[in-house]
Every structure is written in structure tokens, then in C-alpha cells.
There are 2 protein chains.
Amino acid sequence: MTLACAQCPVRDSAACAVLTEEERADLARAGRTVTLKKGETLFSAGDEDHACATLVTGALKVTSYDREGEERILALIHPAGFVGELFQPFAQHDVVALTDSQLCVFARSAMEEALDNHPALTTALLRRSQKDLHAARELLELTGKQDAATRLAGLIMAMARAASDSPCHPAQKFDLPLSRGEMAQMLGLTIETVSRRMSKFEKDGLVAKKGARGIELVDPARLTALVGVGL
Amino acid sequence: MTLACAQCPVRDSAACAVLTEEERADLARAGRTVTLKKGETLFSAGDEDHACATLVTGALKVTSYDREGEERILALIHPAGFVGELFQPFAQHDVVALTDSQLCVFARSAMEEALDNHPALTTALLRRSQKDLHAARELLELTGKQDAATRLAGLIMAMARAASDSPCHPAQKFDLPLSRGEMAQMLGLTIETVSRRMSKFEKDGLVAKKGARGIELVDPARLTALVGVGL
DNA sequence: CGTACCTTTGACTCATATCAACGTTAGTGG
DNA sequence: CCACTAACGTTGATATGAGTCAAAGGTACG
């Protein structure tokens, strides 16, 4: 199936936005749209010659497993994000859909060719890569905090920002894209600790739980104050 | 001072290695060599219009400070590594020399111009950026481990690999580039815990301390086994 | 020789992991 | 539509490992 770039919701924000109409059409012919259901895997660690992809709708997680089989979430990917280790012969990490998702998938060879032909695309990916690097380092900062409340508050605020349409204001009421277990894996905590701290946040009037995954930030200021780090 | 690329120890491994002699000479004219003493700062968070640089010799750390003034080490930079947030108007993190270091520093505008003129350089930086991303995620994996011994063992092995000339074998005897406090900051632990675990490693015959900063891996296999994660 | 910094070690406390039981939600098939 | 089941979430009791506070070696440097 050919990609319908004209209707693409991330046509202005994804890496391919730097291309002209024509160039974009070229690239589109090399790719295909893929739909993933929640929980389905896009790449697995060890995959040879794996592809790469731009996320159009939904959300992905990048994970690794240690020897004991413990999963660790290394990054969340939001729409317009790019996944795929371009210069690595084998995939190092798993990429799994957190919610039903739509992607533009490209064979690595096709993407490498496109990078050779369109320097602007390379620059766009470099920009995105630096952003990912920054995000990884922010997560590093977060997981370095000594107490669980600080870490969880930081994660909630980060998810609120990601769930918001506007980049400056965090969403005030949204659905958590992660289960308790997944939040625990991101923060280096246990499910129980996450659950307890979450209950305490509610008891203290910082947030309100709305159904299964819904959450409302009742007092974002105090939540942010807890984090103790920029934004 | 003009850069002496001909004698540069990282001439084949740094990003500029993809340039031709001539192009490299061009770029060299735009940059300058800088020498930092241990503890000196290259960039500070908040710097406007900060530069970027390739590390030639020595070692750097990338750090951030939270509101309480707690330092957090986000990355180590080894020779041939590149630092500088290209697309960010302000620097987000501090970059400090861990040991006496030599660098090639470029004004951001000059680097951006070079990227425009030399697509291969952009690709090289993208490759390096992906590597940095991978390193950040490995550190994330490490700091996610529940127990201090696992984290410390992983860090020691990582430093052994970095200290080795050969990329496959870890060095067996080397100087730790980090103080106890700095290791603690990287791993999200306290100085005391790092010191205690280190003493226990020695008592258990895993490592031997050699003078102030020196360390010898007596039983790398058991140390690696502790880590429980790939290599 | 003395000072300042880094490291080690000890005693104690406390937050979080662990183990375990119980509720809740969602998805399935009758 | 309901009952059943499995995954997810909450809550409690307990133990342990890491943080904290404190003091005493080491080491480097002037």
C-alpha cells in the first residue's frame, strides 16, 4: 500500500517534513504503512537487517531484557518519532506497541539510500536523534532521584506533557499510556511501590484517578515541586 | 592556533575522518584546539550560543544539576567523541574535564555551515549521535538494576572496556577515571555505598585496588556474571 | 609539616523490595 | 447477558539493603 502523505497527521513534524512533495512521494513508494495492535512487536532484539519506521499514531516503547528476563523500558516513542538503529547490523532492543499504532516502515537499505540522496533528511534525523538523546538523559536524571515519589511525579508530568497537544502546557486530564508495571520498569521501582505512591498522591489531593487508566492532575504545581528539577 | 590534523590521534575515528584532506583543512581553519585541566568546564548549562567540540585526548563528563544542587552524571565522553547540542539555543548540561584534555572546538555557526556543505559529515555525526543514544540507554539499563553491586559491577566493566585499546577485550588493569563520588552520581548511589561495595569486591577476590585510582580485574568472569546483562 | 580532600568503616534508621492476599477490570465463550 | 478467567491493581506485614550521620584513616599538595 502506498502511503497517503497528504492526510498524514505528522506530515509537518516527522523527519520527512523537510522533503519536497516530490521527494516525499519517492520515499513513500519505498515504504509501507503498518498497523500494530496494542502489545504487538515491531522489532525484536537480535533481528538481523531490521527496518526502521516513523510513528504516525499511537505510542511505542523501546525495551531491553536482562539475563533474568527483567524488562526495562528505555524510551517511549510518540507520533512523529523515529525508531530503528540505522548503523547497527542487529537490533539491540525490542520495540513494542503500547497502544494500537500506525507506522511508516522502511527497509533499512531504502532509508540509507534516501539519506544519501537527501542531505536534508539526514539533518532532520540528526536533529531527531539529538532529541532522543536528550530524552534518554532526562529519563536518566529522573531515575537517579533517591525517592520513589520524586521519580513517579516526574514521570507523570512527562506523560502529561506528551499527552498534551500544546508543547508548553501539560495535559490536565489524560489516559496513562503505561500500566503500573511499565511505569515501574521505567523508573527502576516495583509495581507495588508505584501503586502505593500513586494512592498516596491521590490521598494527598495531588491527582485523581479517573477509571482504569485515566488520571487528572488536581495540583500540578505541587506535583512539579516534588520533582525538584527543571520543568 | 591551527589544528594539526596530521598528528591528531583521533584522525581516523572522529567525525571529521569522513572528510577529504582538503575539506578537513577547511574545517580545521574554523576551529581551534583547547586544552582543559582536570576539573575545568567546557560548557555550562544555560550558555547561550555555546560551541561544540571533538575530544582528542582525555575524558569529559556531561552533567546536570537538580534544584537541590545534586550533580548527576549523564554521560562520559572518550577521545573521538563529540559534544555540543547543535540545535539547541542554550546548553542544557555542563561539560567538565575529568582529566587533562585536548579538544577541537568549533563555533556552532561554523559547524552548521560545515554540515550544510559536507553531507558526509552530517552522516558521521548522526552515526555518533546514535552511538551516544545507545550509551545513554545502556546507562539507563544499569541504573535500573535493583542492587548496588550489580550497578557497580556494570560500571566497572564498562570503564574497563573504555580503557582498553581493543574494543572486544576489557582492560585487565587500569586507572578509574572517576572518583567514588562520581561513580555514585552516575549510578544513583551514595559515596559510602560505592565504597562499601568496592571493598566487598576486593574482599571477595573480584578486583584488587592498585594505589589511589588503579584497579585490577582479578575475576572478570564473576564480575560480568554479577551484571547479568549482555557484555 | 600541616591542611584539605577523598576514602573507608561503623552504627543506626528508614524507604523500598519482597512475599502474600485480596479487589478490580477486561476480555472470552457459553 | 452473564459467568468465568486471567491480567492488572491495591493493600498489608515483614525484612533487608541502602541512605544518613559520624568519625577515623589515607593521600596529595602546598
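This structure is a prediction, so every number in the text was calculated from the model and none was measured. Note that these values count all heavy atoms, side chains included, but never hydrogens, waters or copies made by symmetry.
- Here the side chain of B:Ser195 is nearest to one of C:dT9, D:dG19, C:dA17, namely C:dT9.
- Counting only heavy atoms from C-beta on, A:Arg180 has its side chain closest to D:dG9 among D:dG19, C:dT25, D:dG9.
- A salt bridge links A:Arg108 with A:Asp49: at least one charged nitrogen is closer than 4.0 Å to a carboxylate oxygen.
- With rounding to whole Å, B:Glu182 atom CD is found 9 Å from C:dC6 atom P.
- Scanning for ring-ring contact (aromatic ring centres under 6.0 Å, His included) contacts around A:Phe43 gives A:His50, with sequence neighbours left out.
- In this structure, the CD atom of B:Gln146 is 10 Å from the C1' atom of C:dT18, given to the nearest Å.
- One atom, CD of A:Glu192, and another, P of C:dC19, lie 10 Å apart when rounded to the nearest Å.
- Whole-Å rounding puts the A:Leu176 CG to D:dC8 P distance at 15 Å.
- Look at B:Asp204 and B:Lys200 and you find a salt bridge, because one of the NZ, NE, NH1 or NH2 atoms lies within 4.0 Å of a carboxylate O, short of that distance.
- B:Ser129 and B:Asp132 form no side-chain donor-acceptor contact under 3.5 Å, judged by distance and modelled atom types alone.
- Out of D:dT11, C:dA26, C:dT16, the shortest distance to the side chain of A:Thr193 is found at C:dT16.
- Phosphate contact (OP1/OP2 of C:dT16, side-chain N/O of A:Thr190, threshold under 4.0 Å): absent.
- When each of C:dA17, D:dT11, D:dA18 is scored by its nearest atom to the side-chain atoms of B:Arg197, the top-ranked nucleotide is D:dA18.
- A donor-acceptor contact under 3.5 Å is not formed by the side chain of B:Arg196 with the base of D:dG17.
- Scanning atom types as modelled, no donor and acceptor separated by under 3.5 angstrom connect the side chain of A:Arg213 and the base of D:dG9.
- Here the closest heavy-atom approach between residue B:Met186 and residue B:Thr143 is recorded as O-CG2, 3.4 Å.
- For the pair A:Met183 CE and D:dG9 C1', the computed distance is 10 Å after rounding to whole Å.
- In summary, the side chains of A:Thr190 and A:Thr193 do present a donor paired with an acceptor at a separation below 3.5 Å, with no hydrogens or angles considered.
- A:Ser179 comes within 4.0 angstrom of sugar-phosphate atoms only, judged by non-hydrogen atoms across all strands, and of no base.
- The CG-C1' distance, from B:Leu187 to D:dA18, rounds to 13 Å in whole Å.
- Rounding to whole angstrom units, NZ of residue B:Lys38 and P of D:dC29 are separated by 9 Å.
- Residue-level contact check: B:Gly188 touches the backbone only, with heavy atoms under 4.0 Å from sugar-phosphate atoms and none from bases.
- Residues A:Phe201 and A:Ala149 come closest through the heavy atom pair CZ-O, 3.5 Å.
- In this structure, CD of B:Gln185 is placed 16 Å from C1' of D:dG19, rounded to the nearest angstrom.
- Taking every heavy atom of residues 198-209 of chain A and every atom of DNA chain D, pairs under 4.0 Å involve A:Ser199, A:Lys209, by number.
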